[in-house]
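First up is the structure itself, then whatever we jot down about it.
The analysis underlying the following values was restricted to heavy atoms, covering all of them including side chains, and did not include hydrogens, waters or symmetry mates. Note on naming: letters A, B, ... go to the chains in the order of the sequence lines (proteins, then strands), and numbering restarts at 1 for each one.
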2 protein chains.
Amino acid sequence: MAQSDTVDRILDAAEELFAERGFAETSLRMITSKANVNLAAVNYHFGSKKALIHAVFARFLTPFSSTLEAAFDDLEKKCQGNPPTLNQTLWVLTESAIRMPQRNEKGISIFMRLLGLAYTQSQGHLRKFLEQEYGQPFSRFMRLLKEATPELSAVDRYWRIQFMLGATAFTMSSSDALIDILENKLGVQASVQEIAARLVPFLAEGMKAPDKLQVPPSLAGTTVA
Amino acid sequence: MAQSDTVDRILDAAEELFAERGFAETSLRMITSKANVNLAAVNYHFGSKKALIHAVFARFLTPFSSTLEAAFDDLEKKCQGNPPTLNQTLWVLTESAIRMPQRNEKGISIFMRLLGLAYTQSQGHLRKFLEQEYGQPFSRFMRLLKEATPELSAVDRYWRIQFMLGATAFTMSSSDALIDILENKLGVQASVQEIAARLVPFLAEGMKAPDKLQVPPSLAGTTVA
DNA sequence: TCAGCCCTCAAACGTATGTTTCAAACAGAC
DNA sequence: GTCTGTTTGAAACATACGTTTGAGGGCTGA
C-alpha cells in the first residue's frame, strides 16, 4: 500500500465523522475504529487531534483554493478590465466547488458541511488556521463582490454578504438531510448541483434588493436605531 | 430567593455558555461555577444535562410560541380571508422575535444563536424535543409562507425557505460579532433591530426571484440532475 | 545477514466529564 | 421546639477522553 495508506484511511474516516457529528462530539476512538486503525496512529501521524482537523481541511481546501484562483483569473481575463458581474462571480465560485474532484458521491456535501462547521463551532484554532492559510482567495472573492455591486453602500453590502454566507453555509451543510426530507415529503430527488443552481439566483436577487428599509407601521414607533 | 433562585441562576448561566460554546463543549462544572451553585444542583433540579438543555430552550421558546401564535391570529384577522403577503408574514415573525421580553441586551442574539445551534449540532434529542413541543407554530408559519407565494412550485418554495432560514439563523446567531466587526471596519454602529430590517427585504426579494435555473454555458454539459 | 528505520500494536497514563451519594442545613407546620 | 420534606454541600463514582509509552514487526539498503 505505498506509503502509509493508514493516513488516508484516517483522513477519510475523520472527514466523514466530523461532518456528521462535529469535532468535539467525534472521538479519536470513533475515527480509528471506523478506519480500522490503531488508536495511537492518529497521534503518530498527525501529532494531535487539532492537527488532524487541520489536515482534513487542508486536504480539500488546498486544491480548491488553487482551482478557485485559476477560475478567478480566467474570469477576469475574459472580462478584460470590466469587473465581472455578480452572477458571474457567484457562478464561478459555485462551479469551482462543484467541479472539485470528489472521493465519493457525498463529496460536496461533506465539503460544505465541514465549512459550515468551521464557521459555526467556535474552535478558535481552526478559524486562525483557515484565515492565515486560505485568507487570500477569500479576500479576492470579497473584492469581486464589491466591484460587482457598486450601487450598494458599504454597510448594505456588508450585511448582505453575511446573509449570502448564511444561506449557503446553512443549506449546504445540511444538504444531505434536506435532500432526504424533500424526497420523503414531495417524492422529488435532488442533487447538490441542483441546490447550487437554485441558490445562486436567490442570492443574486437578494443582493440586488432595494436598499430602503421598509419599516412597517407596526414597528415604526419602536427602537429601530 | 423565593423558591429556588438556584434554578434560574443555572438557566441563565447555561443559556449564555451554551450560546457561546455549544452544548458538548460546555461542561456542567462551567455552568455551576458561573452560576455560583453546587455541581449537584443541576442533576437535582433538572435530572440530567439533556434535560437542562431542553429547559433552556423551553424558557424562551414557550412564551415566544404564544406571542407568535397571537401575532399570526392578529394578522389573519386583519387580512380577513385574504392570505397575508410575504412581507407581512416575515415582519410578523421578526417583530415577535424582537419584541420578546429580554433578560439583557444580548437577549435576541443568544436566542438566535441557540436556535442555530439546535439546527446545526446534530443532538438528536433536541430536535425531537423541539419538533414535538413547538411544531405547531412552525407549521403555521410554513402554511402562511405557502399561501403568500402561490406562484412558486413546492420544490422551489422548499429550497428557498431553507435559504431564508440559513441567512437568518447564521446572521442572527453571530450578530454580536458581526456588529463588532462592522464597527471596527466601517465605524458604523448597528443593532439587532437594524439587522432584521435589512434582512427582511433581502429574504423577500430572494423568495420572489425568477424560478428559472439560469445554468451558464460553462456548466451546461455537467451533471445537473 | 544484519542494522536501522518506519510503522503498528496493546496497554497504560492523567485528566475531565456526567452522575450519584449521603450528611448537613434549611424551611414551614404543628 | 420538634419534626418533615426540600434543598444544598463536599466528596466520590464510573466512564470516556486525548495522549504517551515501549515492545514488537516488517521493510529497506548495505
* To do: Looking only at non-hydrogen atoms, find the nearest pair between A167(B) and F163(A) and report the distance.
  => CB-O, 3.4 Å
* With R140(A), which residues qualify under side chain to side chain donor-acceptor pair (under 3.5 Å), at least two apart? -> E69(A), D73(A), E76(A)
* To do: May I have the distance from N38(B) (atom CG) to dT8(D) (atom P), rounded to whole angstrom?
  => 9 Å
Every protein N/O within reach of nucleotides 16-19 of chain D N/O, cut-off under 3.5 Å:
unit_1: dC17(D); atom_1: OP1; unit_2: S27(A); atom_2: OG; d: 3.2
unit_1: dG18(D); atom_1: OP1; unit_2: K49(A); atom_2: NZ; d: 2.7
unit_1: dG18(D); atom_1: OP2; unit_2: L28(A); atom_2: N; d: 2.8
unit_1: dG18(D); atom_1: N7; unit_2: R29(A); atom_2: NH1; d: 2.8
unit_1: dG18(D); atom_1: O6; unit_2: R29(A); atom_2: NH2; d: 2.9
unit_1: dT19(D); atom_1: OP2; unit_2: N43(A); atom_2: OD1; d: 3.3
unit_1: dT19(D); atom_1: OP2; unit_2: K49(A); atom_2: N; d: 2.9

* Salt bridge or not for E131(A) and R127(A), using N-O below 4.0 Å? -> no
* K146(B) atom NZ, over 12 foreign heavy atoms within 6.0 Å -> no
* F46(A) CZ - dC6(C) P separation (whole Å) -> 17 Å
* To do: List in chain and number order the residues that pass side chain to side chain contact (heavy atoms under 4.5 Å, CB included) with A97(B), two or more places apart in sequence or in another chain; answer none if no residue qualifies.
  => F64(B), M112(B)
* Asked: Think H45(A) has a side-chain N or O under 4.0 angstrom from the OP1 or OP2 of dC6(C)?
  -> no
* So does T6(A) get a side-chain nitrogen or oxygen closer than 4.0 Å to the phosphate oxygens (OP1/OP2) of dC7(C)? -> no
* Structure fact -> Residue set satisfying side chain to side chain contact (heavy atoms under 4.5 Å, CB included) with E147(A), at least two apart, ordered chain then number -> P83(A), R143(A), L144(A)
* When the distance from CD of E25(B) to P of dG18(C) is rounded to whole Å, what number comes out? -> 11 Å
* Structure fact -> In short, H125(B) meets I53(B) closest at the heavy-atom pair CE1-CD1, 4.2 Å
* Structure fact -> All stems that DNA chain C takes part in, i.e. 3 or more consecutive Watson-Crick or G-U pairs with distances under 3.5 Å, are C:4-6 with D:25-27, C:8-30 with D:1-23
* To do: Could I get the full list of side chain to side chain contact (heavy atoms under 4.5 Å, CB included) partners for A196(A), not counting sequence neighbours?
  => T94(A), I98(A), M172(A)
* Structure fact -> Whole-Å distance, Y44(A) OH to dG24(D) C1', equals 14 Å
